[in-house]
Every structure is written in C-alpha cells, then in structure tokens.
Novice: 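Here it is, the structure in full.
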Amino acid sequence: MDLSTASTALRLLADPTRVRLLALLDREELTVAELAAVLHLAQPRVSTHLAKLKEAELVRDRRAGVSAYYRANAEADPTLAALVASLRDTLSDALLREDAERLPAVLAQRARAEGWADTVAGDMERHYSPGRTWETLARSLLQLLTTGDVLDIASGDGVTAELLAPHAHSIVCIDSSERVVDAARQRLSGFANVDVRTGDMHALDLGDRRFDLVLLLHALTYSTDPQKVFAEVARVLKPGGRVLASTLGEHDHRAVVEPFDHRNLGFTCDALVAMATKAGLEVVSCERLSRERRAPHFEVISLLARKPSTEDAP
C-alpha cells in the first residue's frame with residue numbers, strides 16, 4: 001500500500017460510524033434499515049457511509065427482491081483488510097459493545113417478519129440458529145462412520161480423536177510436543193481405545209502396528225520433509241488402507257504463519273499427488289476444500305489416497 005492509498009484509507013476509517021458499520025457487517029449481512037436500527041441513525045446517513053465503504057471495496061451488497069443486503073467484502077485488498085482487522089481487533093469501546101448487543105433483536109425482528117430460513121437462503125452456513133453448528137453437524141455425521149484402526153499424526157490436543165473414538169476400533173495419536181500430548185491424554189482419558197504418544201511424523205516408531213486409516217490433518221505444514229512423511233504413512237498402512245491429508249494450499253504469507261511454527265508455505269494438489277504416488281499410494285482424489293473469507297484468504301486442500309491391496313494385483 002503506497003502512502004496515498006494509506007492516507008485515503010485512514011481518512012475513511014477516521015469516521016466512527018464507518019468503523020461501527022464495518023464491525024457489524026463483519027458479523028452479519030444487514031440491510032440499510034437494519035443497520036440504522038442498530039446504530040440509532042437515520043437511514044440516509046447510513047446509506048451515505050455505506051456508499052463510501054462500497055467505493056473503497058470494503059463492503060459489498062446483494063439484491064434480494066426489493067432489499068439490498070450489505071456485508072464485509074471478503075475479497076477486499078489484503079493490505080487494506082489487514083488494516084481494518086487490526087483496528088477492529090484492538091478496539092474496546094462501549095459504543096461497539098452496545099451495537100453488538102442490539103444486533104440480535106434486529107435479526108430476531110427480521111426472522112419474525114420473513115421467516116429465518118427465507119432471510120438466509122443461499123447463505124445459510126454463515127448464520128447462526130439455535131443448535132445448528134458445525135460441531136453438531138460433524139458429530140451427527142460421524143455416527144455413520146466405522147473407521148477401524150486409526151493413526152492420527154500431528155494430533156494436537158486430541159480434538160479429532162475425541163470425535164472419532166466412539167466410531168473407531170482403536171486410535172493412536174502422535175504429536176511432537178510433550179505439552180500438547182499431555183493435554184491430549186487428559187482430554188482422551190475416558191477412551192480405552194485411544195493411545196496418545198510423543199513421536200516424529202518423519203520416523204514413526206510404532207512397531208508392527210498397521211492402520212486402516214491415517215490422518216494428516218494440518219500436519220504437513222509442520223514437516224521439513226513431507227515426502228518422508230508420505231513414505232512413513234505408506235509403510236504403516238494396511239493393504240487397502242487409506243490416508244486423508246488436509247493442508248494449506250500454497251501461499252506466500254510467511255509472516256502470517258511464522259507465529260504458528262509452520263515449516264513450509266503449503267502445497268499444491270499436484271505436489272501432494274506426486275508425493276503420494278511416489279510413496280506407492282493410489283490417489284483417490286485431491287481438491288480444494290475451502291477458501292477463507294478474510295484476508296489473506298488461505299485455501300485448504302485435501303488428498304485422499306489408498307495403499308494397494310493384494311487383491312489389486314493383476
């Protein structure tokens with residue numbers, strides 16, 4: 001961002017009303033009337049500020065019948081979005097808290113007038129409704145799975161194993177951090193079929209144990225030699241066993257990921273497929289799972305591969 005652009009952005013954000021609007025639109029998609037009700041301001045004044053924010057590409061709108069719904073622009077310039085995020089995350093103000101407290105009542109009024117599902121149709125995953133969360137969806141769908149013997153590499157404090165344990169024959173969790181492993185042992189102490197260990201994903205010390213499923217969920221960004229990880233995974237998989245890997249897509253935001261101790265800057269699908277294939281695995285699929293709405297818009301890609309079984313031989 002050059003000095004002229006920065007000065008323009010700072011002048012735009014110097015108005016408290018615009019900052020209040022951005023804080024609300026980062027939470028919810030709202031009409032001019034709803035914003036006016038939350039802010040206790042006249043609608044023409046709100047419209048004027050929204051026009052300036054839209055011109056700066058900090059907000060976007062969509063038409064739904066006679067109404068226009070505004071939201072924070074997830075595709076905004078990353079540098080400008082980072083400036084707004086820094087301002088939002090460091091502010092502690094009574095006026096912003098009051099706005100946030102008034103928002104649920106305005107949303108409830110919309111739901112009563114139109115029906116909640118109608119108001120969020122086509123955008124439902126971004127909006128809250130009682131009991132409808134990603135966690136409950138995941139726990140519900142997991143009841144359909146039977147995973148056999150599972151190895152969870154870079155398992156962290158055990159949140160994935162906690163979800164899978166009721167549906168697996170056994171789970172071994174491996175992480176390189178003693179402190180994290182201790183936390184996982186506490187979380188998973190109630191499951192007799194879970195074993196939590198300290199270990200290195202590049203040199204798995206598991207004796208003759210073999211697994212039906214190996215998970216590499218956000219593990220590969222912590223690897224200094226991902227090809228060696230795939231080789232180790234192939235070695236400990238049972239014939240016909242599968243590996244599921246999810247990881248950041250390739251990016252150039254080193255400064256953002258350094259605090260998280262990442263060892264590399266993500267991967268392309270082509271790179272994951274090549275490493276899995278070199279390790280002797282058959283790739284079932286590799287695709288982009290998601291793209292974050294906020295700058296710097298990290299993408300997550302996922303690879304599913306399997307170890308050939310003796311039945312696959314010609």
Side-chain angles (χ1 to χ4, degrees), residues 1-10 12-13 18-19 21-28 53 56-60 71-92 96 125-126 134-135 152-160 175-177 179-180 183-184 200-202 215-230 244-275 286-303:
M1 184 186 298
D2 58 31
L3 183 59
S4 175
T5 303
S7 297
T8 300
L10 291 171
L12 182 72
L13 298 174
R18 292 174 200 149
V19 176
L21 284 168
L22 288 172
L24 287 168
L25 295 176
D26 190 56
R27 290 169 172 263
E28 287 289 344
L53 292 172
E57 298 185 345
L58 284 172
V59 304
R60 60 193 304 179
R71 69 166 63 165
N73 183 14
E75 309 296 328
D77 176 82
T79 307
L80 183 55
L83 177 63
V84 173
S86 176
L87 178 64
R88 180 191 63 239
D89 295 343
T90 54
L91 281 174
S92 178
L96 292 175
E125 73 277 4
R126 295 186 68 247
W134 288 111
E135 180 184 2
D152 187 1
I153 295 176
S155 55
D157 64 1
V159 63
T160 301
D175 201 278
S176 61
S177 166
R179 185 171 183 178
V180 170
D200 180 359
M201 72 177 91
H202 304 90
L215 300 176
L216 290 168
L217 304 183
H218 298 286
L220 293 172
T221 48
Y222 295 94
S223 171
T224 55
D225 189 350
Q227 183 62 67
K228 193 170 184 179
V229 175
F230 273 101
L244 177 63
S246 65
T247 186
L248 286 183
E250 192 174 61
H251 64 88
D252 59 0
H253 305 291
R254 184 178 297 276
V256 178
V257 300
E258 277 183 347
F260 300 93
D261 300 321
H262 286 193
R263 298 293 187 261
N264 56 64
L265 298 181
F267 303 88
T268 63
C269 267
D270 286 345
L272 290 184
V273 168
M275 287 188 287
C286 191
E287 59 187 351
R288 187 183 78 169
L289 291 183
S290 65
R291 184 175 189 271
E292 293 183 357
R293 293 179 179 272
R294 294 185 181 179
H297 309 297
F298 286 117
E299 293 185 347
V300 175
I301 59 176
S302 179
L303 172 125

Novice: Ignoring hydrogens, what is the shortest heavy-atom contact between A154 and M201? Give both atom names and the distance.
Specialist: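 Distance-wise, the nearest heavy atoms are CB-CE, 4.4 Å.
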
Novice: Looking only at heavy atoms, what is the nearest atom pair of S223 and N264, with distance?
Specialist: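 Taking every non-hydrogen atom into account, O-ND2, 3.1 Å.
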
Novice: Can you tell me how far CG of L272 sits from CG of L220, rounded to the nearest 0.5 angstrom?
Specialist: 6.5 Å

Novice: Compare all side-chain heavy atoms of L265 with those of H253 and state whether any distance is below 4.5 angstrom.
Specialist: no

Novice: Which atom pair, heavy atoms only, marks the closest approach of R263 to Y222?
Specialist: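 Here R263 and Y222 meet closest at CG-O, 3.5 Å.
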
Novice: May I ask you to decide if A271's main-chain N or O and T268's side chain share a donor-acceptor pair within less than 3.5 Å?
Specialist: yes

Novice: About how many Å separate OG of S290 and CD of E299, when rounded to the nearest 0.5 Å?
Specialist: 8.0 Å

Novice: Just verifying a value: how many Å separate L53 CG and N73 CG, rounded to the nearest 0.5 Å?
Specialist: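 These two atoms lie 11.0 Å from each other.
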
Novice: Hey, could you give me the NE2/CD distance between H297 and E292, rounded to the nearest 0.5 Å?
Specialist: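 Between atom NE2 of H297 and atom CD of E292 there are 9.5 Å.
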
Novice: Tell me, yes or no, whether the heavy-atom count around E57 atom CD, taken from other residues, nucleotides or ligands under 6.0 Å, exceeds 12.
Specialist: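 Counting other residues, nucleotides and ligands, CD of E57 stays at 12 neighbours or fewer.
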
Novice: If I take atom OG1 from residue T224 and atom CG from residue D200, how far apart are they, to the nearest 0.5 angstrom?
Specialist: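 Reported value, rounded in 0.5 Å steps: 7.5 Å.
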
Novice: Would the distance check show the side chain of R18 and the main-chain N or O of L12 forming a donor-acceptor pair, the cut-off being under 3.5 Å?
Specialist: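 Pair found, side chain donor or acceptor close to backbone of L12.
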
Novice: Is R71 close to V59 at the side-chain level, that is, under 4.5 Å between some pair of heavy atoms?
Specialist: no

Novice: Aromatic rings F260 and H262: how do their planes relate, parallel, tilted or perpendicular, breaks at 30° and 60°?
Specialist: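 If you compare the ring of F260 with that of H262, the planes turn out tilted.
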
Novice: Between H218 and T247, do the side chains contain an N or O donor and an N or O acceptor separated by less than 3.5 Å?
Specialist: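 Not at all, the side chains of H218 and T247 share no donor-acceptor pair under 3.5 Å.
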
Novice: Would you call L216 and L244 a side-chain contact if the rule is heavy atoms closer than 4.5 Å?
Specialist: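 With C-beta onward as the side chain, the pair stays apart.
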
Novice: Rounded to the nearest 0.5 Å, what's the gap from CD on Q227 to CG on D225? Could you check?
Specialist: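 So the CD of Q227 and the CG of D225 are separated by 7.5 Å.
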
Novice: Heavy atoms only: give me the nearest F267-T221 pair and the separation to one decimal.
Specialist: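 Closest approach of F267 to T221, heavy atoms only: CE1-N, 4.2 Å.
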
Novice: Counting distance only, does the side-chain N/O of S246 pair as donor-acceptor with the main-chain N or O of L217 below 3.5 Å?
Specialist: no

Novice: For the pair D175 (side chain) and V180 (backbone), establish whether a donor and an acceptor sit closer than 3.5 Å, ignoring hydrogens and angles.
Specialist: no

Novice: Start with the C-alpha gap between L215 and T160, add the side-chain angles, then the distance that decides, and say whether side-chain contact (heavy atoms from CB on, under 4.5 Å) holds.
Specialist: CA-CA 10 Å; L215 300 176; T160 301; 4.0 Å; yes

